[in-house]
Amino acid sequence: MEKIEHTTVSTNGINMHVASIGTGPVILFLHGFPQLWYSWRNQLLAFSSLGYRAIAPDLRGYGDTDAPPSATSYTAFHVVGDLVGLLDALGVEQVFLVGHDWGAIIAWHFCIFRPDKIKALVNLSVPFFPRNPKVKPIDGYRAVFGNDFYMCRFQEPGEAEEDFAKVDTPRLIKTFLSSRDPSPPCFPKEIGFSGLPEPPALPSWLSEEDVNYYASKLDQKGFTGGLNYYRAMNLTWELMAPWTGVQIKVPVKFIVGELDVTYHFHGVKEYLYGGGFKKDVPLLEEVIVMEGAAHFINEEKPEEINAYIYDFIRKF
């Protein structure tokens, strides 16, 4: 871990913290909520030893990267703009792209906006959801899951932050990362996130040191930056109108855990296996469902994930 270099890059009006290691073809790793570059620590070390330059930034709003205060500064346009600026600053023309959770959502948008920058994509957990011109995403989730669905609960500025503040941050991290319940996360307002049960014993892949690293950065930065991605979803939807119907035109491998919440969302399995996913992502090469794995698969199953990524990108 001490071999990983940490730098700050000025891009798109913000200062972005970047972890990197190795030389060779570049792999850009994009983290999700509520994580950091650190979620890719195993991949950074593994791929640098395989002859790649592995790069993992803290996305805007997270860790040691700047966090603009307004939720309107967290659309997919802003975040992809940060990443294009990052690559330009580093003098990198093209990358292999790997995303997880919100990082996967950003990666899909990156491929829509700048496919010229992407050699191939490996996305974890969140499949491509084509834009539905008739329904805003948060409105759609509210109609299916109700107001208690976590994305809906995250919408009101300050509300989730206030709720999270009632809970010890390491406990929150343990609860998020160790969850293996594939049902849609719903949190009645009267109970709140602070009413969550005590997390189970730490899984073997997550140490107290890992938890404390995440918690220390979240205690410094707060949760608002990460929550603002959810608050900007409807705005991204509005701005994406010109790209309605656009396909993902880069080679793709998609990996999801069998116990991942996203795999059990309404309509996802039908979309993945009924031809819709392949229609929208015509260069999709493979969908892998990891048996017994949950949402945070890059940390839970690093060796398998590394092998899946390497087997795919080595073709290009």
Side-chain angles (χ1 to χ4, degrees), residues 30-35 59-62 67-81 99-110 112-113 123 125-164 172 176 179 181-193 196 222-246 256 260-272 276-277 280 295:
L30 307 179
H31 69 81
F33 177 89
Q35 295 179 290
L59 297 179
R60 72 163 52 204
Y62 285 96
S70 171
T72 59
S73 297
Y74 290 80
T75 70
F77 293 85
H78 290 88
V79 187
V80 173
H100 171 256
D101 186 80
W102 260 105
I105 296 172
I106 296 303
W108 293 123
H109 284 87
F110 202 151
I112 288 174
F113 297 150
N123 249 353
S125 177
V126 183
F128 178 65
F129 292 117
R131 182 181 184 273
N132 180 346
K134 296 180 181 178
V135 184
K136 295 181 180 181
I138 295 301
D139 299 3
Y141 285 126
R142 187 173 279 115
V144 174
F145 299 117
N147 288 324
D148 293 339
F149 185 59
Y150 76 106
M151 292 190 197
C152 303
R153 286 290 317 281
F154 285 170
Q155 293 303 305
E156 186 61 36
E159 190 174 286
E161 292 92 327
E162 186 178 329
D163 202 359
F164 288 162
L172 264 180
F176 283 135
S179 173
D181 181 359
S183 57
C186 292
F187 304 95
K189 198 168 186 177
E190 58 273 16
I191 297 172
F193 300 96
L196 291 168
F223 283 90
T224 299
L227 293 168
N228 278 341
Y229 285 70
Y230 297 94
R231 294 167 183 159
M233 286 173 71
N234 279 357
L235 178 55
T236 290
W237 176 89
E238 292 177 22
L239 298 171
M240 285 295 295
W243 288 269
T244 302
V246 170
V256 66
D260 195 321
V261 166
T262 60
Y263 187 54
H264 295 267
F265 275 5
H266 177 75
V268 165
K269 291 176 187 173
E270 294 82 354
Y271 175 64
L272 290 178
F277 193 31
D280 294 327
H295 180 66

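The figures here come from the full heavy-atom set of this structure, side chains too, leaving out hydrogens, waters and symmetry mates.
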Next item on the list: Answer yes or no: are there more than 12 heavy-atom neighbours, outside Glu162 itself, under 6.0 Å from its atom CD?
Entry: no
Check: Would a 4.5 Å heavy-atom cut-off, applied to side chains only, mark Pro184 and Phe149 as touching?
Finding: yes
Next item on the list: Heavy atoms only: give me the nearest Ala241-Thr244 pair and the separation to one decimal.
Entry: O-OG1, 2.9 Å
Item checked: Ring geometry between Phe277 and Trp108 (parallel below 30°, tilted from 30 to 60°, perpendicular above 60°) -> perpendicular
Note to self: Restricting to non-hydrogen atoms, name the atom on Ile138 and the atom on Asn234 that form the minimum distance, rounded to 0.1 Å.
What the structure shows: N-OD1, 3.1 Å
Margin query: If I take atom CG from residue Leu30 and atom CD1 from residue Ile105, how far apart are they, to the nearest 0.5 angstrom?
Written below: 11.5 Å
Next item on the list: State whether the side chain of Trp102 and the backbone N or O of Gln35 hold a donor-acceptor pair below 3.5 Å, judged by distance alone.
Entry: no
Item checked: Note, Met151 side chain near Pro137 side chain (heavy atom, < 4.5 Å) -> no
Notebook entry, point to check: Is there a donor-acceptor pair closer than 3.5 Å between any side-chain N or O of Arg231 and the backbone N or O of Thr72?
Noted result: no
Next item on the list: Could you tell me whether the side chain of Asn132 and the main chain of Lys134 form a donor-acceptor pair under 3.5 Å?
Entry: yes
Note to self: Take a 6.0 Å sphere around NZ of Lys269 and say whether it holds more than 12 heavy atoms from other residues, nucleotides or ligands.
What the structure shows: yes
Next item on the list: Determine yes or no for a side-chain-to-main-chain donor-acceptor pair under 3.5 angstrom, with Arg60 supplying the side chain and Ser73 the backbone.
Entry: yes
Next item on the list: Step by step, work out the side chain to side chain donor-acceptor pair (under 3.5 Å) result for Thr262 and Asp260.
Entry: CA-CA 5 Å; Thr262 60; Asp260 195 321; 2.9 Å; yes
Margin query: Using only atom types and a distance under 3.5 Å, with no angle test, would you say the side chain of Glu161 pairs donor to acceptor with the backbone of Gly158?
Written below: yes
Check: Should Val79 and Tyr229 count as side-chain neighbours, where that means a heavy-atom distance under 4.5 Å?
Finding: yes
Margin query: Quick one, Tyr271 and Pro130 - any side-chain contact, counting heavy atoms below 4.5 Å?
Written below: yes
Note to self: Any non-hydrogen side-chain atom of Tyr230 less than 4.5 Å from a side-chain atom of Arg153?
What the structure shows: no
Notebook entry, point to check: Considering only heavy atoms from C-beta outward, does the side chain of His31 approach that of Asp101 to under 4.5 Å?
Noted result: no
Item checked: Expected output: side-chain Thr236 to main-chain Met233 donor-acceptor under 3.5 Å -> no
Check: According to the interplanar angle, ranging from 0 to 90°, do the rings of Phe176 and Phe164 count as parallel (below 30°), tilted (30 to 60°) or perpendicular (above 60°)?
Finding: perpendicular
Margin query: On a heavy-atom basis, which atom in Phe193 and which in Ala160 lie closest, and how many Å separate them?
Written below: CE1-CB, 4.4 Å
Check: Is there a side-chain contact between Phe129 and Asp280, using heavy atoms and a 4.5 Å cut-off?
Finding: no
Notebook entry, point to check: Is the gap between the ring centers of Phe33 and Phe154 under 6.0 Å?
Noted result: yes
Note to self: Using 0.5 Å steps for rounding, measure from the CZ atom of Phe128 to the CD1 atom of Ile112.
What the structure shows: 4.0 Å
Notebook entry, point to check: Would you say Val144 and Phe265 make side-chain contact, with heavy atoms under 4.5 Å?
Noted result: no
Item checked: Heavy-atom donor-acceptor pair, His100 side chain to Ser125 backbone, under 3.5 Å -> no
Check: Are any side-chain N or O atoms of Trp243 and backbone N or O atoms of Arg131, one a donor and one an acceptor, separated by less than 3.5 Å?
Finding: no
Next item on the list: Locate the shortest heavy-atom distance separating Leu272 from Pro127; write the atom from each residue and the value.
Entry: CD2-CB, 3.9 Å
Check: Quick one: CZ on Phe187 to CG on Asp163, what's the gap to the nearest 0.5 Å?
Finding: 9.5 Å
Checklist line | Contact summary for Ala67 and Gly61, nearest pair of heavy atoms | finding: CB-CA, 3.6 Å
Notebook entry, point to check: Under the side chain to side chain contact (heavy atoms under 4.5 Å, CB included) criterion, do Met240 and Phe77 qualify, and how do the steps go?
Noted result: CA-CA 9 Å; Met240 285 295 295; Phe77 293 85; 3.7 Å; yes
Margin query: So, taking the atom named OG1 in Thr75 and the one named CG in Asn228, what distance separates them when rounded to the nearest 0.5 Å?
Written below: 11.5 Å
Note to self: Please check this pair: side chain of Asp148 against backbone of Cys186, looking for a donor-acceptor N/O pair closer than 3.5 Å.
What the structure shows: no
Margin query: For the OH atom of Tyr150 and the CG atom of Leu227, what is their distance to the nearest 0.5 Å?
Written below: 11.5 Å
